Amino acid sequence: MRATATAQPNIALIKYWGKRDTALNLPAVGSISITLSDLYTRMTVDFDDGLEQDVLHLNDEPNDKLLPRLSNALDIAAGGDRPKARIISECNFPIAAGLASSASSFAAIVVAASAAMGIERSVGELANLAGRASGSAARSLYGGFVELENSGDAVVVGELLSADDWPLDVVVAVTATGPKPVGSTEAMEISRKTSPFYDRWVSDQPDDLASARDAIASRNFSALASIAEHNCLKMHSVMWSSRPAIVYWNDATLACLQTIRQLQSDGVAVFFTIDAGPQVKAVCDPADTATVEAALSATDGVRDILTSGLGEGARLT
Ligand code: PMV
């Protein structure tokens with residue numbers, strides 16, 4: 001009753017922010033993301049009747065902090081009456097700092113837990129289970145360019161283009177490594193209840209999704225850049241206009257945006273996106289990756305640079 005799965009984080013270009021059903025963790029809006037190749041979470045789930053409690057080892061250290069959410073994901077994937085499990089997780093990038101570690105963790109754990117229990121599930125079923133643990137995790141079941149649509153009691157996730165159809169790179173400028181001040185689940189509810197812009201955010205989303213879908217289908221980089229930056233800044237405007245305000249940015253976040261604006265005016269094919277954390281993700285044409293890495297590394301406050309191409313969805317390993 002043991003299996004190992006690997007999943008990569010995904011970065012939303014058209015963002016998910018807000019829930020329409022908190023019990024089922026269903027998003028209020030659809031979203032479009034790209035799955036990365038070089039950052040990963042590898043998760044082994046070992047169900048063992050002899051254990052009294054779930055145990056988690058993260059990068060070879062015991063970890064009680066992240067255990068409750070992973071235990072909950074095991075309940076979702078294997079039922080509340082499952083045997084207790086030993087979870088061994090290996091993650092090659094900072095956790096809970098806005099780098100979508102929850103997406104790769106929950107995608108990997110539902111794939112591993114289902115296999116360890118001997119339950120055969122379609123990728124769509126696995127995506128829905130991962131999505132119940134963390135909305136964005138549903139997208140990491142797929143590779144390349146991924147769209148998540150809201151549909152009744154479930155989400156429908158599918159690949160718009162594979163990673164090979166339109167290879168892009170993502171250069172992540174790490175501007176802080178600590179955990180975020182407020183988790184996305186709590187922050188989304190604050191926004192839904194208090195931001196005067198929230199309803200408009202939800203009602204505009206189909207237009208943004210359509211624009212991004214068109215840009216991806218025609219591999220139009222500047223059109224994708226324009227809608228992705230707009231959608232990102234709109235999501236952060238909803239956060240900033242919440243009460244209390246939710247501000248994930250730091251000085252270096254803004255400095256990175258200025259660096260990217262300068263690169264754009266120099267003709268470099270690059271755009272930014274930012275999630276629930278202070279890191280800046282610069283999406284670029286691989287021909288420009290070295291230029292983008294050099295410019296972001298030289299930006300004040302940038303502590304580290306991580307670069308990745310686009311990759312495949314979660315799978316057993
Ligand atoms: O899936 P969660 O609960 O980690 O929320 C993800 C929210 C954003 O990363 C900000 C946007 C997104 O679509 O991934």
Side-chain angles (χ1 to χ4, degrees), residues 7-36 39 41 66 68-70 72-73 76 91 93-110 127-142 145-150 155 157 160 170 172 179-192 195 198 201-202 204-205 208-209 212 227-240 242 246-249 253 272-281 283 314:
Q8 284 93 247
N10 67 79
I11 306 294
L13 304 182
I14 302 297
K15 307 289 189 187
Y16 147 52
W17 194 253
K19 299 179 198 286
R20 75 185 148 91
D21 183 325
T22 45
L24 291 173
N25 202 36
L26 290 170
V29 290
S31 53
I32 291 179
S33 60
I34 43 181
T35 301
L36 303 183
L39 314 185
T41 301
L66 298 173
R69 286 190 73 194
L70 290 173
N72 178 51
I76 291 169
C91 190
F93 60 100
I95 289 170
L99 280 177
S101 58
S102 65
S104 52
S105 300
F106 293 122
I109 201 167
V110 299
N128 271 278
L129 294 174
R132 278 181 54 199
S134 164
S136 57
R139 300 184 309 236
S140 276
L141 266 296
Y142 296 81
F145 293 75
V146 178
E147 176 162 9
L148 180 150
E149 290 171 55
N150 272 320
V155 293
V157 194
L160 296 171
V170 179
V172 182
K180 49 193 164 198
V182 43
S184 51
T185 295
E186 186 188 343
M188 283 182 201
E189 280 300 280
I190 296 172
S191 289
R192 183 177 68 78
S195 169
Y198 181 80
W201 155 256
V202 172
D204 272 5
Q205 190 81 339
D208 290 10
L209 288 165
I227 192 62
E229 289 189 353
H230 169 69
N231 187 268
C232 165
L233 293 176
K234 203 159 52 176
M235 176 184 76
H236 285 276
S237 303
V238 172
M239 296 175 180
W240 287 27
S242 301
I246 301 150
V247 180
Y248 288 115
W249 300 16
T253 311
F272 64 79
T273 191
I274 306 162
D275 293 295
Q279 331 302 0
V280 176
K281 290 109 182 191
V283 182

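Computed from a prediction, not measured in an experiment: that's the story for all the values here. Numbering of ligands and ligand atoms starts at 1, following listing order. In what follows, residues are counted from 1 in the order of the sequence shown.
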Polar proximity ligand 1 side, Ser31 side, N/O cut 3.5 Å exclusive = no

message = Would Ser140 and Ser104 count as a side chain to side chain donor-acceptor pair (under 3.5 Å) here? Give the steps.
response = CA-CA 6 Å; Ser140 276; Ser104 52; over 6 Å; no

task = Indicate the atoms forming the closest heavy-atom contact of Pro27 with Leu148, along with that distance.
result = CG-CD2, 3.8 Å

inquiry  = Would Asn10 count as a polar contact of ligand 1, with the cut-off being nitrogen or oxygen pairs under 3.5 Å?
reply    = no

message = Quick check on contacts: which atoms of ligand 1 are under 4.0 angstrom from a heavy atom of Arg139?
response = 12 (C), 13 (O), 14 (O)

query = Are the side chain of Asn10 and the backbone N or O of Ser136 linked by a donor-acceptor pair below 3.5 Å?
reply = yes

note = Between Ser105 and Leu70, the two heavy atoms sitting closest are CB-CD2, 4.4 Å

key: Polar atom proximity, Lys19 to ligand 1 (N or O, under 3.5 Å)   = no

query = Which pair of non-hydrogen atoms, one from Ala138 and one from Ala127, has the smallest distance, and what is that distance?
reply = CB-O, 3.2 Å

ask   = Under 4.5 Å between any side-chain heavy atoms of Ile34 and Val146, yes or no?
value = no

request  = Return the residue, atom name and 0.1 Å-rounded distance of the protein heavy atom closest to atom 7 (C) of ligand 1.
outcome  = Tyr16 O, 3.6 Å

message = One residue to check: Ala12. Relative to ligand 1, which of side chain, backbone, both or neither has a non-hydrogen atom less than 4.0 Å away?
response = side chain

key: Ion pair Lys15/Asp208, N-O distance below 4.0 Å   = no

key: ligand 1 atoms in contact with Ser184 (distance to a heavy atom under 4.0 Å)   = 2 (P), 3 (O), 4 (O), 5 (O)

remark   = of all protein heavy atoms, closest to atom 5 (O) of ligand 1 is Met188 CE, 3.3 Å

Main-chain N/O of Val182 paired to Tyr248 side chain as donor or acceptor, under 3.5 Å = yes

request  = Could you tell me which non-hydrogen atom of Gly277 sits nearest to which non-hydrogen atom of Ile274, and how far apart they are?
outcome  = O-CG2, 3.4 Å

query = Taking only heavy atoms of Ala276, which atoms of ligand 1 are found under 4.0 Å from at least one of them?
reply = 10 (C)

key: Element-labelled atoms of ligand 1 that are located less than 4.0 Å from some non-hydrogen atom of Gly135   = 1 (O)

query = So is Ser136 polar-close to ligand 1, meaning N/O to N/O under 3.5 Å?
reply = yes

Atoms of ligand 1 close to Ser102 [distance to a heavy atom under 4.0 angstrom, numbered from 1] = 4 (O)

query = Based purely on interatomic distance, does Thr185 place a nitrogen or oxygen under 3.5 Å from a nitrogen or oxygen of ligand 1?
reply = no

